[in-house]
Amino acid sequence: MRIAAICTLLLALAASAQERGVYVDDIDRTADACTNFFDYANGAWRKANPIPAAQSRWSRRWASGELSKDQVKTILEETALRRDWAPGSIDQQIGDFYSSCMNVERINQLGLKPIQPILDRIARIDSRDKLQRVLAELHELQVAVPFGITATPDTRNPSQVIAQVFATGLGMGDRDYYLKSDARFVEAREKYRDHLTKMFALAGSSNAKREAETVFAFETRLAAWHLDNVQRRNPRMRDHKHYLATLQAMTPHFDWKRYLAAANVTAIELNIDQPLFMQAVDRELATTPLSEWRTYLRWHLLRASAPYLSDKFAEQDFEFYSRYLGGAKEMKPRATRCVEFADALLGEAVGQRYVERHFTAEAKARMEEMVGNLLAAMGDTIRGLDWMGAETKRQALEKLSTFNPKVGYPDKWIDYRSVDIARGDFMQNVVNATKFATNDDRTQIGKPLDRGRWGMTPPTSNAYYSPLLNEIVFPAGILQSPAFDVNATDAVNYGAIGVVIGHEISHGFDDQGSQFDAQGRLRNWWTAEDLTRFKEKGQCVVDQFEGYFVEPGIHHNGRLVLGESIGDLAGAKIAYLGLQKAHQKRPGRTIEGFTPDQQFFIGWGQFRGDEIRPEAQRTMVQRGPHPTGKYRVIGPLSNMPEFAKAFGCKTGQEMVRENACEVW
C-alpha cells in the first residue's frame, strides 16, 4: 500500500509539473501591472500579432475562434471530396453545401438570377394585398422587414412558447445612426446613402441615387419609432402581451389571420415588443406609395442576399458593413466565409462532426466540475451579502438552484434530413436551409417549451445566459485555449473560462436577469429596500464605465454596458472563489515566478485582451452591450482587493479604484 501511495503521489507530481501556466512571453515587462494591466497581461503578444487584415479585433481569444473555423473547414473539405454519401445524410448535406459555396465561378455566372423570381414578385406589387403576400414570403426567408415574427417563451409563463412580433427594418440597425446630429452619425448616413446607391446600381437600376434616397427616407421614418439601445435592454419595455384581436386593432391595414395562416402559426396571444413601432408600420402600410414599398423591399432582399451572391455584391456589402463600420481591411477568405455560412445554416449537422473530433469527454467533465464550483461560489456569495435581506436571499438562492448548465453540445440534435441540399446551386441551398430554420422556429409556437434546444451551435466560440430558460450554455467551440485547456493550471482556467462561467451565472442577477424569477417569469422577487440598494450598486458600475473613453469625445454608455459589466465584475469575483474550492482538491503552485492568484488574473487579461480597430470601437460603443476588451480587463479587476494584493498595488494607482464597485 505504501509503495502504491508513493507511486500515485509521483504520478500526480509529474502531471502537475507538466501543467501550463500563463503565457509568459505574452506579458509586456515594460508595463506596470498596477497602472496598466491591459498592456502588462498580453501587450507583448499584441505587439507581435497585429490585427489581421480581415479582422476588426484580435487577441488569443479571437484567434481561437478562427481556429475553430479552420477545424470545421478541414472537416468540410474532407467531406466535400466524396460524392457517395447517402442522400440526406449529415455528410452529404454539409459536404454538398460547402462544395456549392466554394463554386465561385458558377455563383458569379448566375449574378442576380438566384433571387430574380422574388425580385420580380416585388416589382409586381400593385396592391396592398400583394404587398402583404410578399412581406410574408420575405419573412420566411428571414428578410424581416419592417417587422419580424419569432417563437419565444411567454414571459408570464415560460413553460409555454408564444409568437413575438419584433421591430426591425433598418439597414443600419440602430435608430441613432438616422437621427443623431453627432459628426460620426452624419458621416455614417452619407456612407450609407452611397452604399445604397452602389448596390442599386449593381442590381441594374437606372435611378440608383433616387432609390437610395427613397430607402433612406423610409428607414428614417421607421427609426423615429424604434426604442433606443438602452431602452431595448429593459425587458419590461418590450413586454406587451396581447390577444391577436388587439394586434389586429392596432394595425388595421395588415391582415394578421391570413399572415399567420400562411405561416402555419396558430397564435391566440402574442408579445409585441414595440407597439408604437407597429402603429408606425401600419401608417406606412396605409399611406406610403406602393412604389416606395417596392424600392424598400428590393433593397432589403439585396442586403440579406448579398453575402451569398456574386463577388460584386458580396464585396460591396463588405465595403460598408465590414470595412466602414468594422474597420476590416479585406474580406475573409472564401473558405472561411463558407464555413461561417455552413455553421449558421446547418450548425448542428456541422456541430456533430466537430465535437466528434475536437471535444473530449475529459474536457466536458473538467468543465462541468468548474461550473459546479462556480455555482457553489455564487451561492456562498449570496448567503454572505450584508446588503440583502433574508427574503430576497431566499428567492435568489431558489433561482440559483434552478440554473441549467449546458456544456459542449445538445443531447438531441436537430434533424436536417428534410432540407434539400445539392452540390450545384449555392443560393438555393441557402434558401432551403433558411426556410427550414424559419419553419422549425415557427413550429415551436403554441407548444410547451423544449428546454433541450440550443441558441448557439457547438463550434461557436462564445457562451450565453437565457433569463427565460434560466440556463447557461458553453459550446464546445469556446472550450479550447486560451479560454480552457485541460493541460493548464486551475488558476489559468478559472481566470479565463472560469470568469466566463461566472459572467454567465451573474447574468441571472444583473440589471436585466434580476427581473426574472426562478421559473424564468418576468416578475419582481425583490423587496423594495433590497432593490433600491441593488440599483445603487449598479449605478457605481454605470459611473465607472461612463469614464472610459475609446477616443476623445467618445466614451462607453454606462447604462448600455451595465449588464455585461456586472457580469464581468461578479464573474471575476465568483471565479476567484471557485478557484479556492478547486485548490482544496488540487492545491495551486507558483509557476515561472507567478503565484496562483497572479496566474488567475493574468489568465483573464490574456483571454480578454483584444486589440481593436477604431471603427469597430465606435460601433461597439454605439450599439454593443459589451465594453471593449481593454475595459473588460481593467474594469472589473480594478475593483477587486484580491487583485491589488496579488500584485502589491497601492492606493492611488490606476488599478486600485478609490470608490470600488461591488454588486455581488
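The figures here come from the full heavy-atom set of this structure, side chains too, leaving out hydrogens, waters and symmetry mates.
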Electrostatic pair [X]-[Y], nearest N-O below 4.0 angstrom:
| X | Y | value |
| --- | --- | --- |
| Glu66 | Lys69 | yes |
| Glu213 | Arg210 | no |
| Glu340 | Lys332 | yes |
| Glu187 | Lys191 | no |
| Glu137 | Arg121 | yes |
| Arg353 | Glu78 | no |
| Arg232 | Asp273 | no |
| Arg618 | Glu615 | no |

Determine the interplanar angle of the Phe436 and Tyr416 rings, folded into 0 to 90°, and report it as parallel if under 30°, tilted if 30 to 60°, perpendicular if over 60°.
-> tilted

Centroid separation [X] to [Y] less than 6.0 Å:
| X | Y | result |
| --- | --- | --- |
| Trp256 | Phe147 | yes |
| Tyr354 | Phe359 | no |
| Tyr324 | His195 | no |
| Tyr259 | Phe254 | yes |

Going through the distances and angles, do Lys113 and Asp425 end up as a salt bridge (charged side-chain N to carboxylate O under 4.0 Å, His left out)?
-> CA-CA 11 Å; Lys113 286 182 181 178; Asp425 192 341; over 6 Å; no

Distance from [X] atom [atom1] to [Y] atom [atom2], nearest 0.5 Å?
| X | Y | atom1 | atom2 | answer |
| --- | --- | --- | --- | --- |
| Asp441 | Thr152 | CG | OG1 | 9.0 Å |
| Lys412 | Trp454 | NZ | CH2 | 16.0 Å |
| Leu202 | Ser310 | CG | OG | 8.0 Å |
| Ile272 | Lys241 | CD1 | NZ | 12.0 Å |
| His226 | Glu219 | NE2 | CD | 9.0 Å |
| Phe426 | Asp96 | CZ | CG | 13.0 Å |

For the side chain of [X] and the backbone of [Y], is there at least one donor-acceptor N/O pair under 3.5 Å apart?
| X | Y | value |
| --- | --- | --- |
| Arg613 | Gln55 | yes |
| Lys406 | Arg453 | yes |
| Trp85 | Thr79 | yes |
| Ser64 | Arg60 | no |
| Arg357 | Val72 | no |
| Tyr464 | Gly455 | yes |
| Arg423 | Ser99 | no |
| Tyr308 | Val431 | no |
| Gln231 | Asp228 | yes |
| Ser59 | Arg61 | yes |

Please step through side chain to side chain contact (heavy atoms under 4.5 Å, CB included) for the pair Asp126 and Arg124, ending with a clear verdict.
-> CA-CA 6 Å; Asp126 58 8; Arg124 291 195 295 268; over 6 Å; no

Can you check whether [X] reaches [Y] side chain to side chain, under 4.5 Å on heavy atoms?
| X | Y | answer |
| --- | --- | --- |
| Arg221 | Tyr178 | no |
| Lys447 | Thr443 | yes |
| Trp293 | Ile125 | no |

If you draw the axis of the six-membered ring of Phe341, does the NZ or CZ of Arg337 fall within 45° of it and under 6.0 Å from the ring centre?
->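 Checked: cation-pi criterion not met.
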
State, to 0.1 Å, how close [X] and [Y] come at their nearest heavy-atom pair, and which atoms those are.
| X | Y | value |
| --- | --- | --- |
| Phe166 | Ile149 | CE2-N, 3.4 Å |
| Ser322 | Ser56 | O-OG, 4.5 Å |
| Leu560 | Gln622 | CD2-O, 3.6 Å |
| Trp413 | Pro458 | CZ3-CG, 3.6 Å |
| Gln93 | Arg417 | NE2-CA, 4.1 Å |
| Leu260 | Ala267 | CD1-CB, 4.2 Å |

Who pairs with Arg128 by salt bridge (charged side-chain N to carboxylate O under 4.0 Å, His left out), at least two apart in sequence or on another chain?
->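 Testing Arg128 for salt bridge (charged side-chain N to carboxylate O under 4.0 Å, His left out), a comparison that skips the adjacent residues, returns none.
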
For [X] and [Y], test the side chains for any donor-to-acceptor distance below 3.5 angstrom and give the result as yes or no.
| X | Y | value |
| --- | --- | --- |
| Asp610 | Trp62 | yes |
| Asp174 | Asn229 | yes |
| Asp282 | Thr251 | no |
| Ser100 | Arg106 | no |
| Asn207 | Glu211 | no |
| Asp255 | Gln132 | no |
| Thr438 | Glu140 | no |

Could you walk me through whether Tyr177 and Thr619 pass the side chain to side chain contact (heavy atoms under 4.5 Å, CB included) check?
-> CA-CA 10 Å; Tyr177 281 99; Thr619 301; 4.1 Å; yes

Check the surroundings of atom CD1 in Ile268: do more than 12 heavy atoms from other residues, nucleotides or ligands lie under 6.0 Å from it?
->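 Atom CD1 in Ile268 is not crowded, with 12 or fewer foreign heavy atoms closer than 6.0 Å.
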
Is there any disulfide (SG to SG under 2.5 Å) pair reaching into residues 79-138, and which pairs are they, with sequence neighbours excluded?
->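 For residues 79-138, and leaving out neighbouring residues, the disulfide (SG to SG under 2.5 Å) pairs sorted by first residue read Cys101-Cys338.
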
Any chance you could lay out the side chain to side chain contact (heavy atoms under 4.5 Å, CB included) test for Asn439 and Asn264, step after step, and finish with the verdict?
-> CA-CA 8 Å; Asn439 294 328; Asn264 293 316; 5.8 Å; no

Could you check Arg238, Gln164, His242, His240 and say which one makes a side-chain hydrogen bond (donor to acceptor under 3.5 Å, both in side chains) with Asn271?
->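 It is Gln164, the one option of Arg238, Gln164, His242, His240 that forms the side-chain hydrogen bond (donor to acceptor under 3.5 Å, both in side chains) with Asn271.
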
Decide side chain to side chain contact (heavy atoms under 4.5 Å, CB included) for Phe313 and Asp317; before the verdict, give the C-alpha distance in whole Å, the side-chain angles of both, and the deciding distance to 0.1 Å.
-> CA-CA 6 Å; Phe313 288 101; Asp317 181 76; over 6 Å; no

For the side-chain contact (heavy atoms from CB on, under 4.5 Å) test, which of Val145, Leu119, Ile118, Val143 pairs with Leu297?
->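 Single pass found, and it is Val145.
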
